[in-house]
Amino acid sequence: MAVSAAVTAVVFDMDGVLLDSEQLWDEVRENLARERGGRWHDHAQADMMGMSSPEWSRYMHDVIGLSEPPDEINAEVVRRLLLRYDASLPLIDGAVEAVERLAARWPLGVASSSNREVIDAVLDAADIADKFVATVSSEEVARGKPAPDVYLEAARRLGVSARECAAVEDSRDGIRSAHGAGMRVIAIPNAHYPPSGDDLAVADAVVASLEELTVERVSAS
């Protein structure tokens with residue numbers, strides 16, 4: 001059996017890993033849909049989870065039925081979300097400490113489905129932007145999660161092989177995206193939208209919280 005290469009970089013997802021935010025995206029999009037006469041349905045959140053902004057804004061137009069062009073839908077959702085973050089940034093307990101802990105050992109990246117301006121605003125507000133060598137929004141690659149594109153691009157920008165990276169993820173599509181890129185995946189299951197047992201089986205390690213995300217745990221993944 002081949003011996004796995006040592007971890008040389010760590011890539012974080014953002015929503016659901018550093019921010020308790022998946023339900024905020026859901027609320028903002030649902031409120032917009034209902035205000036503007038869209039056909040919101042019970043599976044809309046699950047359908048859009050992991051999509052890039054071009055993908056979910058097109059979904060809001062084509063499936064939910066909003067009349068505005070996708071780029072206008074995207075801009076309005078982001079505007080409303082950032083207002084929420086300005087009022088109260090929903091950092092998950094231990095997020096800043098976990099980032100600082102791992103940044104002292106490895107170069108870090110972000111591979112997120114959030115828009116570029118959202119990623120930058122969150123990292124600045126949390127005062128951890130300087131801890132990340134590379135950040136990638138899935139709007140900057142061809143396909144959103146569960147495709148591996150955003151993780152492959154994060155590895156490229158970090159200047160390392162994806163197989164030498166550990167990824168920290170919380171969701172079904174994120175776990176499968178990082179795994180598809182060839183990264184070792186550490187899953188912290190999302191409390192609001194937990195991945196299934198089959199999805200967690202794809203991960204190399206499962207931990208209960210960011211407090212368990214130690215240098216030793218990542219090195220052993």
Side-chain angles (χ1 to χ4, degrees), residues 1-19 21-22 49-52 55 92 94-95 98-114 116 119 122-123 128 131-190 193-221:
M1 182 188 300
V3 177
S4 296
V7 173
T8 59
V10 178
V11 184
F12 282 84
D13 177 38
M14 191 173 77
D15 294 288
V17 170
L18 301 178
L19 284 187
S21 52
E22 295 285 8
M49 195 171 182
M51 285 185 180
S52 66
E55 291 167 342
I92 290 175
V99 167
E100 291 176 342
R101 187 163 60 241
L102 298 193
R105 174 65 179 82
W106 294 289
L108 303 185
V110 166
S112 174
S113 298
S114 279
R116 163 56 57 190
I119 295 170
V122 167
L123 298 185
I128 53 175
K131 303 300 182 185
F132 292 94
V133 175
T135 61
V136 186
S137 165
S138 59
E139 67 185 357
E140 298 165 352
V141 296
R143 300 171 297 172
K145 300 173 184 179
D149 302 32
V150 68
Y151 277 103
L152 291 171
E153 179 62 14
R156 189 191 70 79
R157 294 187 191 183
L158 284 163
V160 300
S161 165
R163 294 195 176 276
E164 296 174 1
C165 294
V168 186
E169 267 289 354
D170 70 301
S171 68
R172 173 197 65 198
D173 287 348
I175 291 168
R176 293 189 178 277
S177 174
H179 177 74
M183 294 188 181
R184 279 162 287 180
V185 185
I186 301 171
I188 307 176
N190 190 293
Y193 309 105
S196 71
D198 287 345
D199 297 319
L200 290 176
V202 173
D204 297 277
V206 180
V207 299
S209 71
L210 286 166
E211 291 181 358
E212 297 181 22
L213 192 67
T214 62
V215 169
E216 294 75 19
R217 193 71 190 87
V218 173
S219 296
S221 64

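Along the sequence shown, the residues carry numbers beginning at 1. Values below: every heavy atom of this structure, side chains too, minus hydrogens, waters and symmetry copies.
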Could you work out, with side-chain hydrogen bond (donor to acceptor under 3.5 Å, both in side chains) as the rule, every residue matching D149, not counting sequence neighbours? R143
Check whether any side-chain heavy atom of D170 lies under 4.5 Å from a side-chain heavy atom of P189, and answer yes or no. no
Taking all non-hydrogen atoms of both residues, which atom of P148 and which atom of A181 are closest, and how far apart? CB-N, 3.5 Å
For A178 and A167, the nearest pair of non-hydrogen atoms, with its separation, is CB-CB, 3.5 Å
Test side chain to side chain contact (heavy atoms under 4.5 Å, CB included) applied to A111 - qualifying residues, sequence neighbours left out: V11, V150, Y151, A154
Is a side-chain N or O of E139 found less than 3.5 angstrom from the main chain of S113, in a donor-acceptor match? no
side-chain hydrogen bond (donor to acceptor under 3.5 Å, both in side chains) partners for R156, two or more places apart: E153
If you take all heavy atoms of A187 and I175, which pair is closest and at what distance? CB-CD1, 3.9 Å
Please check: side-chain N/O of R157 versus main-chain N/O of T135, any donor-acceptor pairing under 3.5 Å? yes
Any non-hydrogen side-chain atom of M183 less than 4.5 Å from a side-chain atom of E169? no
Testing the 3.5 Å rule here: is there a donor-acceptor pair between the side chains of E140 and S137? no
Applying salt bridge (Lys or Arg N to Asp or Glu O under 4.0 Å), which residue pairs with at least one partner in residues 200-213 are found, sequence neighbours left out? none
Considering only heavy atoms from C-beta outward, does the side chain of V207 approach that of I186 to under 4.5 Å? yes
In Å and rounded to the nearest 0.5 Å, what is the OG to CZ distance from S219 to R184? 9.0 Å
Quick one: salt bridge (Lys or Arg N to Asp or Glu O under 4.0 Å) pairs with a partner in residues 6-19, sequence neighbours left out? D13-K145
Closest non-hydrogen contact found for R217 with A205 is NH2-CB, 3.4 Å
Run the numbers on V136 and V110 for side-chain contact (heavy atoms from CB on, under 4.5 Å), then give the verdict. CA-CA 6 Å; V136 186; V110 166; over 6 Å; no
Under the side-chain hydrogen bond (donor to acceptor under 3.5 Å, both in side chains) rule, collect the residues that match up with D199, sequence neighbours excluded. R176, S196
With sequence neighbours excluded, residues passing side chain to side chain contact (heavy atoms under 4.5 Å, CB included) with L108: V10, F12, V99, L102, A103, F132
Shortest non-hydrogen pair, A162 vs L152, comes out as CB-CD2, 4.1 Å
Applying side-chain hydrogen bond (donor to acceptor under 3.5 Å, both in side chains), can you list everything that pairs with S171, at least two apart in sequence or on another chain? none
Qualifying salt bridge (Lys or Arg N to Asp or Glu O under 4.0 Å) pairs, either residue in residues 99-108, two or more places apart: none
Is any side-chain heavy atom of C165 closer than 4.5 Å to a side-chain heavy atom of W106? no
Which pairs with one or both residues in residues 158-168 pass side chain to side chain donor-acceptor pair (under 3.5 Å), sequence neighbours excluded? T8-E164
I'd like to check the side chain to side chain contact (heavy atoms under 4.5 Å, CB included) partners of L210; sequence neighbours left out, ordered by chain and number. V17, I92, A95, A98, I188, L213
Is the side chain of S112 donor-acceptor paired with the backbone N or O of M14 at a distance under 3.5 Å, no angle test? no
What residues form a side chain to side chain contact (heavy atoms under 4.5 Å, CB included) with V133, not counting sequence neighbours? P107, L158
